[in-house]
Enquirer: 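Quick one: the structure is below, questions incoming.
Excluded from the calculations below are hydrogen atoms, water molecules and symmetry mates; all remaining heavy atoms, backbone and side chain alike, are included. Residues take their numbers from the sequence shown, with the count starting at 1. Since the model is a prediction, treat every value here as computed from it, not as a measurement.
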Amino acid sequence: MNALKMWQTKNAPVASIRQGKRFAERWCAARLFPDLPLREAVVRLIDNTPIKPAPPLPGLPPTREQQHQAERLDAAAAAASARVMAALEPMRPPAEIKPRAKGPWKGRIRPSNADFSRV
């Protein structure tokens with residue numbers, strides 16, 4: 001691919017936004033995929049389907065140490081997510097509301113004898 005073509009710009013007067021978009025798609029596709037026919041290049045350029053990841057390469061089975069490490073990581077992740085979920089729960093009101101003192105002097109605390117010894 002010729003890298004010089006990547007930095008070229010093109011200014012063209014168009015009648016509508018749709019026409020300008022089609023022109024830009026064709027112009028970019030022609031420069032990004034010069035080996036493909038124009039229609040296929042445009043389809044490949046505007047195709048937004050997700051790319052499937054390649055299957056994992058075959059390899060040796062995990063060692064015992066790697067399995068233990070994976071188990072520890074799973075346990076730590078579960079504990080962390082439990083803490084986060086507990087923190088995200090809304091605050092609940094207390095199950096039982098304490099009765100309030102009815103008289104103006106019932107809520108006062110009377111000093112004990114130990115408090116008088118400090119004076």
Enquirer: How far does CZ of R26 sit from CZ of R31, to the nearest 0.5 angstrom?
Expert: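 Those atoms lie 13.5 Å apart.
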
Enquirer: Quick one: closest heavy-atom pair of L45 and A29, and the distance?
Expert: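 Of all heavy-atom pairs spanning L45 and A29, the closest is CD2-N, 3.8 Å.
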
Enquirer: Does E40 reach the main-chain N or O of L36 with its side chain, forming a donor-acceptor pair under 3.5 Å?
Expert: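 Here the side-chain-to-backbone pair does not exist.
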
Enquirer: Rounded to the nearest 0.5 Å, how far apart are NZ of K21 and CD1 of I46?
Expert: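 Rounded to the nearest 0.5 Å, the NZ-CD1 separation comes to 7.5 Å.
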
Enquirer: Determine whether more than 12 heavy atoms belonging to other residues, nucleotides or ligands lie under 6.0 Å from atom CG of L73.
Expert: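 Result for CG/L73: enclosed.
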
Enquirer: Would you give the length of the straight line joining atom CG of L38 to atom CD of E25, rounded to the nearest 0.5 angstrom?
Expert: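 Atom-to-atom, L38:CG and E25:CD are 10.5 Å apart.
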
